[in-house]
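Here the structure comes first, spelled out in C-alpha cells, and everything after it is commentary.
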Amino acid sequence: MPMLNFGNFFTYLMVVNIPLAIAVIFMERRNVGVTWAWLMVLLFLPAVGFVVYLVLGQNLSKKKIYKLNKRTKETMNAMIENQRREFRDNQVVFNDAAAANYADMIYMNLTSGFALYTQNNKVEIYTDGNDKFGALFDDIERASSHIHLMYYIVQNDKLGNRLLDVLASKAKQGVKVRFLVDDIGCSLLPRHFFDRLRAAGGEVAFFFPSKIPYLNIRVNYRNHRKLAIIDGQIGYIGGFNIGDEYLGQDERYGAWRDSHLRITGHAVLQMQAHYMLDWNMASSSPITRDVLELFPPTANTGNAGIQIVSSGPDQTLEQIKNAYIKMINSAKETIFIQTPYFIPDESLLTALKMAVLSGIDVRMMLPSKPDHKMVYWASYSYLGDLLSEGMKCYLYEKGFLHAKTIVVDGHVASVGTANVDIRSFKLNFEVNAILYDTETASQLKRIFEDDMKVCSELTYEAYTQRSTFHRFRESCVRLLSPIL
C-alpha cells in the first residue's frame, strides 16, 4: 500500500478543516473579534485547533445550566417588576441624593441582571489580606447558623489549612458549612484536602468538575466568583482568594494589593441568592429547605445603596461589562480604574476614548509586573489607544495589584471579581457589588490616590519607545485577546 503523500494529506486536512470552521464558528454567530481569533487557531493548527475549539469554544449561552422552580421564578419576577415600577413612577427615595443621578443605571441592572437595589447596607473596605481574613475568621467563629464560601482558588498552605480547621470546628458544633470551589482554579489542590471538613459534617462541591481525569471539556469556563455569607447577615465580595500569597507571603508577588468588601444589610440576601444558584447547580445535595434560615430578617445597618450584579457565559447579555460602560458614560469629572488585566472589547474601549476626549480625568492602574505574561502583553497593546488621547496610566510598584475597582466622580463605584477584560465579560462566572454611595466611593477614590504614591507613571512618550520586538509580540498576542 503506497504511503500517503504529505502534501495530499495536508490538502485533505484543509478540505475538512474549512467546512468545520464554517459550521462551528459562523453558524454560532459569534462576536467578530472572537470569530477571527478562532479562525487563526484553526488556520495555523488545522487538526489540533478543532480539538482545542471543542474544549475551549463551547457556547454556554444556549444552555440553561441554572434551574429555578416555578414558584421561585414567579416570586423573583414579581420583586423585580415591583421595583421597576417604583423607578418608572419616580417613587424611589434615595438615601444619597447623588444616587438619583444613576437611576437609569440601576434600572438597567435591575432589568437585565435581576439585580435588586437595596439601600440599608453598611460597607467596610479591605485592601490588605491580613485585615480581610482577620475579619472573615472572626465572623466565621461567631457563626451560629450557616457558613457559605465560594472561591476560585484555594491553596494547600498555611491559610488554606487554617481555614479548613476553623470550618471543621464550626461544622462539629452543628453550624451548616458549605464550600464551593472552581474545579480549574483548584486543579492542583489535593482532593483529600477537604476530607476533615467532610468528616466533620461540612459539604464541599466543585464547579464544572472534570468527568474524565486530567481532561475538563469546560476548562474555558471558570467560576471566578469569591463570596462568603455568614448566617445570611454578613457578606464578603471582592478579589481575594484563599492562599498565603494573598497575605503577601509569596516572594514572586511581594505585597498583595487587592480590594474586598464586607457588607451587612439586604444586599447580603442578594449574595445569598447567587450562592444558592451556583451551589445547587454544582452540588449533588442542593439547598431546598431552610429558606427562612438562609434569608433571615435583616436589620438596617447603614445607608449605602448596592446592587449585586452577576454575569457568565450562560447569559446572552454581558451585565457587568454593560454596568462598566454605563458608569463610564455617566462620568462628569473622574474615572479611576484598577485592574490586573486590561483587555477591553471595542465597546468598552470606545467608551473610555470618548470619556478621555470629553475632558474626563481618566486614570488606570495596572501591576508593573505580570503574573500571566501573554495577558500582560495583550493589556499593554491596548494602552497606547488611550495614552495617545490623554489617559493617565500608573504601574503599581509595591507588589502585585489584583484589585478590580472602578470609581466614577467619587459617587458610584464597582468592586468585585470581574477584571476589565473579555474573559471576565464573556467566559467567566463573575459577581460585582455596584455601590451608589458617596461616602464609600469617595473612600475608594482616596485609596486609589494613595496607591498612586507607590506607582510609576507610564507616559505616552515612554510607551512609544518600546522596542520593535515588544511591539510585534504585543500585536501578535492582541489578535488572540478575545480568547485569552
Side-chain angles (χ1 to χ4, degrees), residues 31-45 49 52 56 220 245 250-257 335-353 355-357 362-406 418-427 448 451-484:
N31 173 276
V32 174
V34 177
T35 299
W36 279 110
W38 278 115
L39 281 175
M40 288 185 59
V41 172
L42 289 169
L43 177 63
F44 291 105
L45 301 169
V52 171
L56 302 184
N220 208 29
E245 66 263 38
D250 191 322
E251 293 182 357
R252 293 175 298 171
Y253 304 113
W256 189 277
R257 167 66 180 87
I335 301 170
F336 290 180
I337 300 173
Q338 290 178 310
T339 179
Y341 320 117
F342 179 62
I343 305 180
D345 68 359
E346 196 63 35
S347 61
L348 186 62
L349 188 63
T350 299
L352 286 170
K353 283 183 180 179
V356 175
L357 292 171
V362 180
R363 305 182 192 184
M364 183 172 299
M365 192 177 294
L366 297 167
S368 63
K369 297 180 181 179
D371 62 336
H372 300 294
K373 289 186 177 181
M374 289 186 66
V375 179
Y376 192 78
W377 297 339
S379 298
Y380 232 75
S381 74
Y382 286 97
L383 292 177
D385 297 338
L386 296 169
L387 288 171
S388 62
E389 305 298 343
M391 183 194 77
K392 297 176 182 178
C393 181
Y394 300 91
L395 303 179
Y396 190 80
E397 302 283 359
K398 188 177 179 180
F400 185 71
L401 178 71
H402 192 248
K404 304 102 167 44
T405 305
I406 298 180
N419 300 302
V420 185
D421 65 359
I422 296 173
R423 165 162 289 282
S424 291
F425 300 151
K426 292 179 177 292
L427 301 176
F448 185 101
D451 287 336
M452 286 174 53
K453 298 174 184 177
V454 292
C455 289
S456 60
E457 184 174 356
L458 176 64
T459 64
Y460 182 63
E461 290 72 24
Y463 181 83
T464 57
Q465 293 175 8
R466 296 170 356 272
S467 69
T468 301
F469 171 73
H470 285 178
R471 297 184 187 189
F472 176 75
R473 178 182 63 189
E474 292 162 10
S475 297
C476 291
V477 176
R478 178 167 174 159
L479 294 174
L480 296 176
S481 60
I483 58 175
L484 283 178

Worked check of side-chain contact (heavy atoms from CB on, under 4.5 Å) between Ile337 and Met365: CA-CA 6 Å; Ile337 300 173; Met365 192 177 294; over 6 Å; no

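- Across all their heavy atoms, Ser456 and Glu397 have their closest contact at OG-OE2, 2.7 Å.
- The shortest side-chain heavy-atom distance between Arg257 and Lys398 does not fall under the 4.5 Å cut-off.
- In plain terms, the two heavy atoms of Pro340 and Phe400 that are nearest each other are CB-CZ, 4.2 Å.
- Checked by atom type and distance alone, the side chain of Ser379 pairs as donor or acceptor with a backbone atom of Phe342 at under 3.5 Å.
- Between Cys393 and Leu387, the closest heavy-atom pair is CB-CD2, 3.8 Å.
- Listed here is the closest heavy atom pair of Thr339 and Pro367: O-CD, 3.7 Å.
- For the pair Arg363 and Phe448, the cation-pi criterion (under 6.0 Å, within 45° of the ring axis) is not fulfilled.
- Across Arg473 and His470, no two heavy atoms sit closer than the pair NH2-CD2, 3.2 Å.
- Considering only heavy atoms from C-beta on, Tyr380 stays 4.5 Å or farther from Val375 through its side chain.
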Evaluation steps, side-chain contact (heavy atoms from CB on, under 4.5 Å), between Leu349 and Leu386: CA-CA 8 Å; Leu349 188 63; Leu386 296 169; 4.0 Å; yes

Verdict with supporting geometry, Ile343 and Val420, side-chain contact (heavy atoms from CB on, under 4.5 Å): CA-CA 6 Å; Ile343 305 180; Val420 185; over 6 Å; no

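- Between Arg252 and Asp250 there is a salt bridge, with a side-chain nitrogen of the basic residue lying less than 4.0 Å from a carboxylate oxygen of the acidic one.
- Residues Lys392 and Val362 have side chains not in contact (no heavy-atom distance under 4.5 Å, counting atoms from C-beta outward).
- Taking the centre of each ring, Tyr253 and Trp256 come in below the 6.0 Å mark.
- Between Ser381 and Ala378 the shortest heavy-atom distance is OG-O, 2.6 Å.
- Asp345 places a side-chain N or O within 3.5 Å of a backbone atom of Leu348 that can act as its donor or acceptor partner.
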side-chain hydrogen bond (donor to acceptor under 3.5 Å, both in side chains) evaluation trace for Asp421 with Tyr382: CA-CA 11 Å; Asp421 65 359; Tyr382 286 97; over 6 Å; no

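- A donor-acceptor pair is defined here as one N or O able to donate and one able to accept, closer than 3.5 Å; such a pair exists between the side chain of Ser368 and the backbone of Tyr396.
- The NZ atom of Lys369 lies 15.5 Å from the CG atom of Leu366; values are rounded to the nearest 0.5 Å.
- Within the 4.5 Å cutoff, side-chain heavy atoms of Ser424 are placed close to those of Asn419.
- Side chain of Lys404 to main chain of His402: a donor-acceptor pair is present (N/O by atom type, distance under 3.5 Å, no hydrogens or angles).
- Taken from CG in Leu357 to CE in Met391, the straight-line distance is 12.5 Å, to the nearest 0.5 Å.
- Once rounded to the nearest 0.5 Å, the distance linking CD1 of Ile422 with CG of Leu427 reads 9.0 Å.
- Ring-plane geometry between Tyr463 and Tyr460 is classed as parallel, the angle between the planes falling under 30 degrees on a 0 to 90 degree scale with a further cut at 60.
- Remark: Leu458 CG to Met364 CE distance equals 11.5 Å, nearest 0.5 Å.
- A salt bridge links Arg478 and Asp385; the closest N-O separation between the charged side-chain nitrogens and carboxylate oxygens is under 4.0 Å.
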Verdict with reasoning, Leu401 to Gln338, per side-chain contact (heavy atoms from CB on, under 4.5 Å): CA-CA 8 Å; Leu401 178 71; Gln338 290 178 310; 4.2 Å; yes

